[in-house]
Visitor: 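Handing you this structure, nothing more for now.
Residue numbers start from 1 in every chain, and the chains themselves are labelled A, B, ... in the order their sequence lines are given, proteins ahead of strands.
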Amino acid sequence: MKFTLVIFSAPHSAEGAASALRFARALLASGHNLYRVFFYGDGVHNASALEAPPQDESHIVAGWQALQQQHQLDLVVCIAAAQRRGLLSASEAERLGKPAANLAAGFELAGLGQLVDAVVYSDRLVTFGD
Amino acid sequence: MTLHIVSKSPGYSNALMDCADSFVEGDILLLIEDGVYALSSLPENIPVQAVHYLKADVNARGIVVTMEYQGIDDTRWVELCCQQNPVVSWFK
């Protein structure tokens with residue numbers, strides 16, 4: 001079955017981000033397909049390359065990156081939500097005249113159209129709140 | 001039939017009551033995260049056999065479940081999402 005996950009929760013500020021990663025691992029381990037993960041609102045912080053949690057805490061960004069590498073996941077970050085929160089790709093940072101970029105490898109910025117596409121082509125949409 | 005996922009404590013969110021208002025026969029309730037605090041006081045219109053909770057989230061909070069609710073793991077959570085449609089998350 002094809003799943004899409006929508007994540008509103010930032011890591012370390014609400015439990016939804018960790019629950020979403022656990023759920024993604026479980027569904028992939030069960031042989032299902034993860035069509036897309038859409039990071040929206042404060043969920044865009046899941047894609048920050050600058051997250052540096054203490055070593056004895058879970059590193060959710062790295063968790064998504066590992067899963068992305070293993071399963072070639074489509075990790076999409078809402079571009080409008082990302083810009084508002086200072087999460088920029090190299091090209092967006094240049095375009096907006098900002099001094100640095102921080103979009104982690106394995107994630108990409110895109111618009112809400114990618115969420116609409118995911119709703120159309122997925123069997124299930126599961127939302128993780130903030 | 002809907003899978004309702006409630007992730008907030010009834011102590012500071014209306015998520016559970018909003019869910020209960022739209023709950024119909026055949027639906028399933030899954031309590032996750034702080035939603036598991038609702039296990040001690042669930043709305044009367046949600047039948048006992050419809051109530052599921054994430055065991056990991058209950059254990060993390062030291063909650064003792066006395067009713068015949070179903071404690072599940074993440075794999076079973078995925079199965080419930082396949083079995084029910086749509087999957088609705090309540091978190092406000």
Visitor: Rounded to the nearest 0.5 Å, what separates atom CG in B/Leu54 from atom OG in A/Ser19?
Guide: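 Taking CG in B/Leu54 and OG in A/Ser19, the distance rounds to 7.0 Å.
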Visitor: Evaluate whether atom CD of A/Glu57 has more than 12 neighbouring non-hydrogen atoms of other residues, nucleotides or ligands under 6.0 angstrom away.
Guide: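 Enclosed: over 12 neighbouring heavy atoms sit under 6.0 Å from CD of A/Glu57.
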Visitor: For chain A, find which of B/Asp74, B/Val87, B/Val88 contributes the most heavy-atom pairs closer than 4.5 angstrom.
Guide: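 Sorted descending by pairs with chain A, the first entry is B/Asp74.
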Visitor: Would you indicate whether A/Glu108, at its atom CD, is surrounded by more than 12 heavy atoms from other residues, nucleotides or ligands within a distance under 6.0 Å?
Guide: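 Yes, enclosed.
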Visitor: Might you point out which heavy atoms bring B/Thr75 and A/Ala26 nearest each other, and give the distance in Å?
Guide: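 Smallest heavy-atom distance, with atoms named: N-CB, 4.2 Å.
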Visitor: Decide if atom CD of A/Gln69 counts as having more than 12 heavy atoms of other residues, nucleotides or ligands within a radius under 6.0 Å.
Guide: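 No, because the 6.0 Å sphere around CD of A/Gln69 holds 12 heavy atoms or fewer from other groups.
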Visitor: Checking A/Leu125 against chain B: side chain, backbone, both or neither under 4.5 Å from a heavy atom?
Guide: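 Backbone only.
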Visitor: Could you measure the distance from the CZ atom of A/Phe128 to the CD1 atom of B/Ile32? Nearest 0.5 Å is fine.
Guide: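 Interatomic distance, A/Phe128 CZ to B/Ile32 CD1, rounded to 0.5 Å: 6.5 Å.
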Visitor: In terms of heavy-atom proximity below 4.5 Å to chain A, should B/Asp57 be classed as side chain, backbone, both, or neither?
Guide: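 Just its side chain gets close to chain A.
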Visitor: Against chain B, label A/Ser30 side chain, backbone, both or neither, depending on which of its atoms sit under 4.5 Å from a heavy atom there.
Guide: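 Side chain of A/Ser30 only, per the 4.5 Å heavy-atom cut-off to chain B.
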Visitor: Would you call B/Leu3 and A/Val126 a side-chain contact if the rule is heavy atoms closer than 4.5 Å?
Guide: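 They are not in contact (no side-chain heavy atoms under 4.5 Å apart), so the answer is no.
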Visitor: Name the region of A/Arg22, side chain, backbone, both or neither, that has any atom closer than 4.5 Å to a heavy atom of chain B.
Guide: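 Its backbone and side chain both get close to chain B.
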Visitor: Please report the closest heavy-atom contact between B/Asn85 and A/Asp123, naming both atoms and the distance.
Guide: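 Where B/Asn85 meets A/Asp123 most closely, the heavy atoms are OD1-O, 4.3 Å.
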Visitor: Between the side chains of B/Ser7 and A/Glu15, does any donor sit under 3.5 Å from an acceptor?
Guide: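 The answer is no; no qualifying pair exists.
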Visitor: Can you name the nearest heavy-atom pair linking A/Phe3 to B/Cys81, along with the distance?
Guide: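 Closest approach of A/Phe3 to B/Cys81, heavy atoms only: CE2-CB, 3.7 Å.
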Visitor: B/Pro86, B/Ser89, B/Ala15, B/Cys82: which one forms the most heavy-atom pairs within less than 4.5 Å of chain A?
Guide: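 Result: the option with the highest number of such pairs is B/Cys82.
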Visitor: Are the ring centres of A/Phe8 and B/Phe91 closer than 6.0 Å?
Guide: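 Ring centroids of A/Phe8 and B/Phe91 are less than 6.0 Å from each other.
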Visitor: Mark yes when over 12 heavy atoms from residues, nucleotides or ligands other than A/Arg84 sit less than 6.0 Å from its CZ; otherwise mark no.
Guide: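 No, the 6.0 Å shell around CZ holds no more than 12 heavy atoms from other groups.
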Visitor: Of the backbone (N, CA, C, O) and the side chain (C-beta and beyond), which part of A/Asp130 lies under 4.5 Å from a heavy atom of chain B, both, or neither?
Guide: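 Both parts, heavy atoms under 4.5 Å.
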